[in-house]
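This report refers to the structure that appears directly beneath it.
One-based numbering along the sequence shown. All figures in this text were calculated on a predicted structure; none of them were measured in a lab.
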Amino acid sequence: MEMTEFSSPLKLTNSGNLSLFFIGTGSAFAKENFSNNLLIIKGNDHLLVDCGGICPYALHTYGAKITDIKNILPTHSHADHIGGIEELALTSRYSLRTRPRMVITDEYKKILWRDSLKGGLTYSDSNYGKPLFFDDYFEQIKPLLISKAPRPFYSADVGSINVKIFRTEHIPLVGKKKNWKKMFYSVGLLIDERILFTSDTRFDPELINWMTSDYKIEAIFHDCQFFPGGVHTFYGDLKNLPGLLKKKIFLCHYSDKWQEFEPEADGFAGFAKRGIYYNF
């Protein structure tokens with residue numbers, strides 16, 4: 001892997017290698033590093049993973065526009081991950097007369113529209129007196145269910161980019177037995193069967209063991225918080241992972257207290273940084 005610094009404007013294409021660019025790396029209320037939203041780039045294809053409320057502004061600081069985004073995958077319905085999707089929908093519809101493509105299961109499509117997007121998008125124009133729906137704004141890329149165990153696991157292609165989507169334990173229900181149908185919907189990604197991006201999750205050794213056992217993972221971009229409890233992965237729990245595994249882990253979704261920590265000294269690859277291309 002090579003890391004190269006961003007130079008304006010942000011480019012959504014490259015020579016064909018797999019590249020990850022973090023629009024932001026911060027937690028929900030971080031101010032310094034925007035929100036943890038990720039852009040995947042490969043050849044002429046791109047995929048924005050999450051579009052939080054400040055994502056359109058963050059893109060602007062990189063010399064790009066929200067309407068440049070043609071493909072998106074939301075991981076779950078918290079504002080720092082979906083708060084900017086309404087702007088993407090409206091500007092694409094009324095400025096470009098286009099529909100961005102969204103990688104989304106039928107299950108989450110219903111949840112996202114009903115609980116988050118419907119209020120702001122249903123009556124955005126007269127539509128001859130009829131309400132608007134999800135499909136008026138987005139073209140669905142429906143992932144294929146490839147396995148139900150050890151948890152729901154899907155696969156989808158966005159051009160040359162393959163993403164495998166797995167459920168995460170971001171906000172689990174109380175109880176020992178997992179019920180994915182009743183649990184808050186949240187997912188992480190396996191990118192081109194090489195890169196693990198957890199998105200938001202509590203500490204989940206089962207997930208890490210599964211991915212590192214079944215796939216040749218080159219790098220892991222892992223959710224992180226600096227205090228125990230809560231609904232994210234505690235830094236202290238990640239510190240206890242095996243040394244060879246920690247060397248692959250870049251920490252993301254961190255708060256503005258990040259400079260108080262030295263992840264490299266604790267055996268990690270480091271903090272993921274916004275404005276950097278991670279080239280594989």
Side-chain angles (χ1 to χ4, degrees), residues 1 3 20-40 48-55 58 73-83 165-172 184 186-191 194-212 217-278 280:
M1 182 194 69
M3 294 182 286
L20 274 58
F21 182 90
F22 280 86
I23 305 298
T25 54
S27 59
F29 308 114
K31 302 297 184 290
E32 186 175 342
N33 288 302
F34 300 139
S35 298
N36 196 52
N37 301 166
L38 170 67
L39 185 63
I40 304 170
L48 177 64
V49 181
D50 291 328
C51 181
I54 59 175
C55 185
L73 189 162
T75 63
H76 65 286
S77 296
H78 283 153
D80 54 322
H81 296 265
I82 64 161
I165 305 164
F166 49 82
R167 292 292 298 272
T168 61
E169 296 186 58
H170 184 22
I171 304 181
F184 174 81
S186 60
V187 300
L189 276 69
L190 176 64
I191 305 165
R194 302 170 63 189
I195 312 301
L196 178 61
F197 174 67
T198 66
S199 189
D200 288 13
T201 182
R202 295 189 185 190
F203 186 53
D204 190 352
E206 176 190 271
L207 170 64
I208 296 173
N209 291 336
W210 171 33
M211 286 288 137
T212 55
I217 304 298
E218 298 175 28
I220 300 170
F221 293 86
H222 204 294
D223 179 30
C224 172
Q225 67 179 26
F226 300 132
F227 57 90
V231 295
H232 298 276
T233 301
F234 175 42
Y235 183 92
D237 287 330
L238 291 170
K239 275 178 62 176
N240 293 325
L241 291 172
L244 290 177
L245 181 60
K246 285 195 295 183
K247 289 181 179 180
K248 296 181 179 182
I249 296 178
F250 291 88
L251 305 172
C252 53
H253 202 282
Y254 46 80
S255 75
D256 288 338
K257 293 185 178 181
W258 65 279
Q259 295 192 59
E260 299 176 15
F261 295 81
E262 297 182 0
E264 291 90 349
D266 290 323
F268 296 103
F271 285 119
K273 302 284 183 67
R274 70 177 182 92
I276 298 291
Y277 293 100
Y278 293 85
F280 297 90

### Query
Taking only residues two or more places apart in sequence or in another chain, which ones pass salt bridge (Lys or Arg N to Asp or Glu O under 4.0 Å) with Glu32?
none

### Query
Who pairs with Ser27 by side-chain contact (heavy atoms from CB on, under 4.5 Å), at least two apart in sequence or on another chain?
Ala30, His253, Ser255

### Query
Taking all non-hydrogen atoms of both residues, which atom of Lys246 and which atom of Asp266 are closest, and how far apart?
NZ-O, 2.8 Å

### Query
More than 12 foreign heavy atoms under 6.0 Å from NZ of Lys273: is that the case here?
no

### Message
Applying salt bridge (charged side-chain N to carboxylate O under 4.0 Å, His left out) as the test, list every pair that has at least one member in residues 248-260; sequence neighbours left out.
### Response
none

### Residues that Phe261 engages under ring-ring contact (aromatic ring centres under 6.0 Å, His included), provided they are two or more places apart
Phe226, Tyr235

## Note on the structure
Sorted by chain and residue number, the side-chain contact (heavy atoms from CB on, under 4.5 Å) partners of Arg202 (sequence neighbours excluded) come out as Pro172, Val231

### Summary
Residues at least two apart in sequence or cross-chain that pass ring-ring contact (aromatic ring centres under 6.0 Å, His included) with His222, listed by chain then number, are none

## Note on the structure
Residue set satisfying side-chain contact (heavy atoms from CB on, under 4.5 Å) with Glu218, at least two apart, ordered chain then number -> Arg194, Ile195, Phe280

### Query
By side-chain contact (heavy atoms from CB on, under 4.5 Å), which residues pair with Ile54, not counting sequence neighbours?
Phe34, Ser35

### Task
Not counting sequence neighbours, which residues clear ring-ring contact (aromatic ring centres under 6.0 Å, His included) with Phe271? List them please.
Tyr254, Trp258

### Query
Who pairs with Glu206 by side chain to side chain donor-acceptor pair (under 3.5 Å), at least two apart in sequence or on another chain?
Arg151

#### Entry: Qualifying residues under side chain to side chain donor-acceptor pair (under 3.5 Å), relative to Thr201, sequence neighbours excluded
none

### Message
According to ring-ring contact (aromatic ring centres under 6.0 Å, His included), who are the partners of Phe250, at least two apart in sequence or on a separate chain?
### Response
Phe221, Tyr278

